[in-house]
Student: 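Quick one: structure below, then a few questions.
Bear in mind the structure is a predicted one, so any value in this text is a computation, not a measurement. Numbering of ligands and ligand atoms starts at 1, following listing order.
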Amino acid sequence: MSDSAPLIILGTGLAGYNLAREFRKLDSQRELLLITADDGRFYSKPLLSTGFAKGKEADELGMQDAQTMAAQLNAQVLTGVRVTGIDRENKTLIHTDGELAYSELVLACGAQARQLPGAAAMGEQLLSINDLQDYARFRRALAGKQRVLIIGAGLIGSEFANDLASAGMQVEVVAPDAQLMPGLIPPQVAAAVQAGLESLGVRFYLGRSVRAMQPTEEGLQVELDDGSQLHAELGLSAIGLTANTDLASSAGLECGRGVKVDRQLRSSDPAIYALGDCAEVQGLSLMYVMPLMTAARSLAQTLAGQTTQLVYGPMPVMVKTPACPLVVAPPVTSPDGNWTISGSGADITALFHTAQGELAGYALTGAAVSKKLELNRQLAAWLP
Ligand SMILES: Cc1cc2nc3c(=O)[nH]c(=O)nc-3n(C[C@H](O)[C@H](O)[C@H](O)COP(=O)(O)OP(=O)(O)OC[C@H]3O[C@@H](n4cnc5c(N)ncnc54)[C@H](O)[C@@H]3O)c2cc1C
């Protein structure tokens with residue numbers, strides 16, 4: 001245990017690298033070490049669900065390698081190193097080849113794709129895409145194939161449906177809810193997005209769950225709960241993400257849906273912070289880029305000695321379904337209220353008001369997307 005030990009950031013996703021960048025703007029000297037289980041390439045994860053239509057190989061989406069990042073950040077970047085434990089008493093990280101001391105530790109270790117029961121037995125016939133390596137594997141598996149079955153119709157499943165259909169694939173989507181992106185947008189908005197995707201040829205089996213699956217010679221066979229059988233050449237599972245909290249919870253840190261942190265991004269151990277997909281900030285676990293960028297700026301200040309409280313303004317998400325443009329500011333901080341819907345066809349305006357009449361969220365499709373800036377001015381901040 002030593003304060004001469006480096007500041008360690010675990011994870012080189014957008015959270016880890018953005019934090020390192022913001023920190024270096026304020027402190028060019030303190031020893032900084034980033035650790036990742038992957039190859040440490042800097043890439044923009046949101047581009048993964050736009051890469052098929054653009055015909056992009058994984059290598060074309062990787063922007064800078066770990067060495068270049070290390071030089072830019074005046075940091076050390078350890079790649080291919082999986083951390084397996086945190087010894088809080090001795091302020092050390094335990095990894096596959098040894099131990100590393102930290103003075104302060106930031107968890108930026110992301111989230112992982114939830115797995116369907118029985119998915120492992122499907123091998124390469126059923127994959128999920130949550131990082132650049134997954135994208136590369138899926139592209140390889142897709143070579144020469146046409147028919148893709150997506151399981152899950154959340155934001156990520158819907159984006160991949162749009163992207164793969166635009167790339168000329170025949171896409172089918174199965175999901176247990178009656179609408180796309182349940183919990184995020186009201187049914188009328190989901191219907192507009194669904195119609196947009198159907199115009200690309202995407203076929204939906206909503207309100208249906210998967211009863212059984214098996215790999216076949218030609219790909220994947222799936223039986224739905226109504227007994228119907230679907231055959232695809234490749235399956236994409238997109239049934240949601242779970243924050244990587246195992247390390248933190250094994251070390252006795254408080255975890256909920258993510259590693260619980262306060263508005264300084266500090267966990268229940270004052271020497272350990274968290275941000276990005278792995279963190280739950282004051283009960284909010286927001287797996288999007290804008291919250292992590294805001295958190296990175298705020299945490300950089302605290303780590304550089306200027307204790308700073310995180311402030312979240314409204315952070316709408318542009319959903320990448322060009323067949324029906326959608327922007328949504330989910331009512332994350334005021335779940336009690338009502339949606340009011342106006343518009344028709346592809347152009348829907350949905351406003352979410354609290355019982356007190358405050359605008360707490362919205363969803364806009366088609367031409368209505370242009371109201372975004374005006375509505376942002378009226379939206380209540382998420383963490384004022
Ligand atoms: C297909 C897709 C499209 C998306 N589109 C959008 C969008 O349009 N807009 C938006 O706002 N958000 C979008 N998101 C969400 C956004 O990309 C994520 O919120 C963000 O990238 C998360 O970054 P992160 O750094 O927290 O986690 P990650 O990128 O998951 O990084 C985690 C890092 O931790 C490392 N790690 C984890 N465990 C260990 C360990 N034990 N030992 C060593 N290293 C470890 C990993 O190797 C990795 O380097 C999308 C997500 C996906 C999957």
Side-chain angles (χ1 to χ4, degrees), residues 8-21 33-52 61 66 69 77-86 93-97 100 105-114 127-135 138 150 152 154-164 184 236-248 250-251 258-259 265 274-281 285-296 299 315-322 325-330:
I8 295 188
I9 301 175
L10 177 62
T12 58
L14 290 173
Y17 273 143
N18 273 299
L19 172 65
R21 277 205 178 116
L33 171 63
L34 289 94
I35 304 176
T36 178
D38 61 31
D39 65 9
R41 268 189 292 180
F42 178 70
Y43 71 103
S44 171
K45 190 179 280 199
L47 294 183
L48 299 182
S49 50
T50 63
F52 294 102
L61 296 179
M69 292 305 290
V77 180
L78 285 184
T79 61
V81 172
R82 181 162 292 281
V83 171
T84 53
I86 306 171
L93 283 184
I94 298 139
H95 60 86
T96 29
D97 301 320
L100 288 161
L105 170 66
V106 180
L107 300 173
C109 52
Q112 57 184 296
R114 277 177 55 206
L127 299 171
S128 42
I129 305 180
N130 185 42
D131 60 32
L132 197 55
Q133 268 171 307
D134 292 341
Y135 176 83
F138 191 88
I150 300 178
L155 184 150
I156 291 175
S158 301
E159 289 192 352
F160 278 120
N162 198 138
D163 196 43
L164 288 162
L184 195 64
L236 176 63
S237 168
I239 59 165
L241 295 172
T242 317
N244 288 326
T245 55
D246 284 1
L247 277 177
S250 308
V259 181
L265 286 314
L275 85 167
D277 281 8
C278 70
E280 180 186 316
V281 188
S285 104
L286 304 171
M287 296 191 184
Y288 304 112
V289 176
M290 264 176 80
L292 72 80
M293 302 281 270
T294 309
L299 179 53
M315 294 178 285
V317 181
M318 302 287 301
V319 180
K320 301 185 294 302
T321 46
L326 166 66
V327 55
V328 53

Student: If we ignore hydrogens and angles and just use 3.5 Å, is the side chain of K45 paired with the main-chain N or O of N130 as donor and acceptor?
Tutor: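 Yes, K45 side chain to N130 backbone: donor-acceptor pair under 3.5 Å.
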Student: Check if V81 has a non-hydrogen atom at a distance under 4.0 Å from any atom of ligand 1.
Tutor: yes
Student: With a 4.0 Å heavy-atom cut-off (strictly under), which part of A108 contacts ligand 1: side chain, backbone, both or neither?
Tutor: backbone
Student: Determine whether any heavy atom of F160 lies closer than 4.0 Å to an atom of ligand 1.
Tutor: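 It does; at least one heavy atom falls under 4.0 Å.
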Student: Is D163 reaching over with its side chain to a backbone N or O of G51, donor-acceptor style, under 3.5 angstrom?
Tutor: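 Yes.
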Student: Against heavy atoms of L292, which atoms of ligand 1 measure under 4.0 Å?
Tutor: 20 (C), 22 (C), 23 (O)
Student: Show the atoms of ligand 1 that are less than 4.0 angstrom away from any heavy atom in S49.
Tutor: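 Taking each heavy atom of S49 in turn, ligand 1 has 1 (C), 3 (C) under 4.0 Å.
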Student: Do I8 and I35 have side chains that get closer than 4.5 Å, going by heavy atoms?
Tutor: yes
Student: Below the 3.5 angstrom mark, is there an N/O of G276, backbone or side chain, next to an N/O of ligand 1?
Tutor: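 No.
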Student: For atom 42 (N) of ligand 1, which of T50, V83, D39 has the closest heavy atom?
Tutor: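 The residue whose heavy atom sits nearest atom 42 (N) of ligand 1 is V83.
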Student: Checking contacts here: is it the side chain or the backbone of V289 that comes within 4.0 Å of ligand 1, counting heavy atoms only? Could be both or neither.
Tutor: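 Looking at V289 and ligand 1, atoms from backbone and side chain both fall under 4.0 Å.
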Student: Report the nearest protein non-hydrogen atom to atom 44 (N) of ligand 1: residue, atom name, distance rounded to 0.1 Å.
Tutor: A37 N, 3.0 Å
Student: Mark up the atoms of ligand 1 that fall under 4.0 Å of a heavy atom belonging to T36, in ascending order.
Tutor: 43 (C), 44 (N), 46 (C), 47 (O), 48 (C), 49 (O)
Student: Show the atoms of ligand 1 that are less than 4.0 angstrom away from any heavy atom in L14.
Tutor: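 This gives 21 (O), 25 (O) as the contact atoms.
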Student: Judged by atom type as modelled, is there a donor-acceptor pair below 3.5 Å linking the side chain of N18 to the main-chain atoms of L14?
Tutor: yes
Student: Taking the six-membered ring for Trp and the single ring otherwise, decide whether the centroids of F52 and Y135 are under 6.0 Å apart.
Tutor: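 Yes, ring centres under 6.0 Å apart.
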Student: Determine yes or no for a side-chain-to-main-chain donor-acceptor pair under 3.5 angstrom, with N162 supplying the side chain and E159 the backbone.
Tutor: no
Student: Look at the side chain of T79 and the backbone N and O of G40, then say whether any donor-acceptor pair between them is shorter than 3.5 Å.
Tutor: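 Absent.
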Student: Quick one: look at K320 and ligand 1, take heavy-atom pairs under 4.0 Å, and tell me if it's side chain, backbone, both or neither.
Tutor: side chain
Student: Would you mind running through ligand 1 and noting each atom that sits below 4.0 Å from a heavy atom of G11?
Tutor: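 Near G11, meaning under 4.0 Å from one of its heavy atoms, ligand 1 has 33 (C), 34 (O), 35 (C), 49 (O).
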Student: Quick check: do M69 and T12 have side-chain heavy atoms less than 4.5 Å from each other?
Tutor: no
Student: Looking only at protein heavy atoms, identify the closest one to atom 52 (C) of ligand 1 and say how far it is in Å.
Tutor: I156 CD1, 3.6 Å
Student: With a 3.5 Å distance limit and no angle check, can you tell me whether R114 reaches the backbone of I239 through a side-chain donor-acceptor pair?
Tutor: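 Flag set: sc R114 to bb I239 pair under 3.5 Å.
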Student: Nearest non-hydrogen atom to atom 21 (O) of ligand 1 belongs to which of M293, K45, R82?
Tutor: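 Comparing heavy atoms across M293, K45, R82, the nearest one to atom 21 (O) of ligand 1 lies in K45.
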Student: For N130, take its heavy atoms, then give the atoms of ligand 1 lying under 4.0 Å from any of them.
Tutor: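 Every atom of ligand 1 under 4.0 Å from some heavy atom of N130: 53 (C).
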